[in-house]
Chemist: 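Sharing a structure below in C-alpha cells format, with a few things to ask.
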Amino acid sequence: MAESALVPKREQVPARTSPGRSTPGLSAVVDAATETQQVCFMLAGAEYGVDIALVKEIIKPTMEPTPVPQSPFFVEGVLDLRGDIIPIIDLKKRFGFKVADDKPPSRILVISMADIIVGFLVDSVTEVIRVNKSAIQEAPGKIVGIDQEYIWGVTKRSPESHLIMLLDVERILKIEDEDVRREATEMT
C-alpha cells in the first residue's frame, strides 16, 4: 500500500480537558508514561475508546461497501479509500449486538495497525480524551454484553460520568481462531 494514502485527514474532534487547564490541540504532546489519548465513539448506546495512535482518519460513509464472498459475518465489504481497498467491519455485528436498520452508522474510523488498514462502522464519534493511565481499570468479565477479550480497560471522564470501554483492536481484528472453531463445529 502506498504510504501517501495513509496521510491522516482527521475530523477535528476537540480534546477534553479538566477545568482550569488550557485546551490542547490534537497535536498536543502526551506523556506516554502516564497518559493516553483515546478517540471516543458511540456504539449501540455505549461509549468506547480506541488509542488515537491507531486512528488514521475518521470518514463519513458516502456509499455502501462492496460485499466480499465468504467473508466473516461482521465484514460489511470493502471500500476504495484513495486507492487503498479497506475492509469495513460492523462493530455491532462483531460484538453480537442486534443491528437496527433504522439508524445507519454515521462514521467510519479508519484504523491502521502494523500492516493492516481497516474501517470500523460506528454510530458517532464524540471526542478525543486524555486519560491518566492510573485511572484505567481492568475490564470485568462482561460489559454491556461484550466479552472481556475485546476490552482491555475501562475509564471515566470524571468520577460522575459513565464508563468508557477501551477496545483491544488487535483482538477485534483476530479472526483465525474463530474461523477454525466455527469450521470444526460445522464438521461435527
Side-chain angles (χ1 to χ4, degrees), residues 1-3 5-8 10 13 26 30-44 46-59 65 68 70-79 81 84-97 99 105 107-156 163-184:
M1 290 183 192
E3 192 66 34
L6 299 179
V7 175
R10 299 180 195 264
V13 182
L26 288 177
V30 175
D31 180 2
T34 60
E35 285 186 325
T36 179
Q37 281 187 302
Q38 300 288 316
V39 175
C40 296
F41 60 91
M42 298 301 293
L43 186 71
E47 193 165 19
Y48 298 86
V50 172
D51 190 316
I52 195 169
L54 300 176
V55 179
K56 291 302 170 195
E57 61 187 296
I58 301 166
I59 60 175
V68 178
Q70 299 182 354
S71 61
F73 68 97
F74 53 85
V75 175
E76 290 294 302
V78 294
L79 284 179
L81 183 64
D84 286 329
I85 305 302
I86 63 169
I88 304 299
I89 293 176
D90 186 329
L91 286 182
K92 288 180 187 174
K93 289 181 181 178
R94 180 68 168 134
F95 296 155
F97 294 153
V99 179
R107 296 290 182 265
I108 298 174
L109 290 179
V110 179
I111 304 292
S112 178
M113 185 171 181
D115 59 348
I116 299 171
I117 300 176
V118 65
F120 288 165
L121 286 174
V122 300
D123 293 337
S124 64
V125 175
T126 54
E127 64 186 322
V128 175
I129 61 170
R130 284 179 170 212
V131 179
N132 191 312
K133 289 182 179 179
S134 65
I136 298 173
Q137 299 175 2
E138 197 171 302
K142 275 218 182 243
I143 306 175
V144 195
I146 301 175
D147 283 332
Q148 180 183 8
E149 67 181 321
Y150 298 124
I151 299 172
W152 68 269
V154 293
T155 192
K156 292 182 173 186
L163 289 176
I164 299 171
M165 281 118 346
L166 306 176
L167 295 182
D168 183 344
V169 173
E170 184 175 352
R171 184 66 191 135
I172 291 169
L173 296 178
K174 188 173 184 177
I175 60 173
E176 302 84 31
D177 297 340
E178 225 172 80
D179 290 341
V180 169
R181 275 186 269 144
R182 187 179 303 132
E183 288 173 13

Chemist: Does Phe120 have any ring pair (Phe, Tyr, Trp, His ring centres under 6.0 Å) partners at least two apart in sequence or in another chain, and if so, which?
Modeler: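 Scan of Phe120 (ring pair (Phe, Tyr, Trp, His ring centres under 6.0 Å), adjacent residues dropped) gives none.
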Chemist: Return the set of residues passing salt bridge (Lys or Arg N to Asp or Glu O under 4.0 Å) with Asp123 (not counting sequence neighbours), or none when no residue passes.
Modeler: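 So Asp123 forms a salt bridge (Lys or Arg N to Asp or Glu O under 4.0 Å) with Lys92.
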Chemist: If every non-hydrogen atom of Gly119 is compared with every non-hydrogen atom of Ile86, which pair is closest and at what distance?
Modeler: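 Looks like N-CD1, 4.3 Å.
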Chemist: Tell me every residue that passes side-chain contact (heavy atoms from CB on, under 4.5 Å) with Gln137, counting only those two or more places apart in sequence or in another chain.
Modeler: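 For Gln137, the residues satisfying side-chain contact (heavy atoms from CB on, under 4.5 Å) (neighbours in sequence not counted) are Val154.
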Chemist: Consider side chain to side chain contact (heavy atoms under 4.5 Å, CB included). Of Val50, Val169, Val125, which one does Val55 pass it with?
Modeler: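 Option passing the side chain to side chain contact (heavy atoms under 4.5 Å, CB included) with Val55: Val50.
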Chemist: I'd like to know whether Val128 forms a side-chain contact (heavy atoms from CB on, under 4.5 Å) with Val39, so could you lay out the CA-CA distance, the side-chain angles of the two residues, the decisive distance to 0.1 Å, and finally the verdict.
Modeler: CA-CA 4 Å; Val128 175; Val39 175; 4.1 Å; yes
Chemist: Can you tell me how far CD of Glu57 sits from CG of Leu81, rounded to the nearest 0.5 angstrom?
Modeler: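 Reported value, rounded in 0.5 Å steps: 5.0 Å.
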Chemist: Sequence neighbours excluded, which residues qualify as side-chain hydrogen bond (donor to acceptor under 3.5 Å, both in side chains) partners of Glu76?
Modeler: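 Glu76 satisfies side-chain hydrogen bond (donor to acceptor under 3.5 Å, both in side chains) with Lys93 only.
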Chemist: Between Phe41 and Leu167, which heavy-atom pair has the shortest distance, and what is it?
Modeler: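 That closest heavy-atom pairing would be CZ-CD1, 3.6 Å.
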Chemist: Which heavy atom of Leu79 sits nearest a heavy atom of Pro65, and at what distance?
Modeler: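 In terms of heavy atoms, the two residues are closest at CD2-CA, 3.7 Å.
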Chemist: Considering non-hydrogen atoms only, spot the tightest contact between Arg94 and Lys174 and give its length.
Modeler: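 Closest pair (atom of Arg94, atom of Lys174, distance): NH2-O, 3.1 Å.
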Chemist: Who are the side-chain contact (heavy atoms from CB on, under 4.5 Å) partners of Lys156, not counting sequence neighbours?
Modeler: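 Once residues adjacent in sequence are excluded, the partners of Lys156 under the side-chain contact (heavy atoms from CB on, under 4.5 Å) criterion are Ser161, Leu163.
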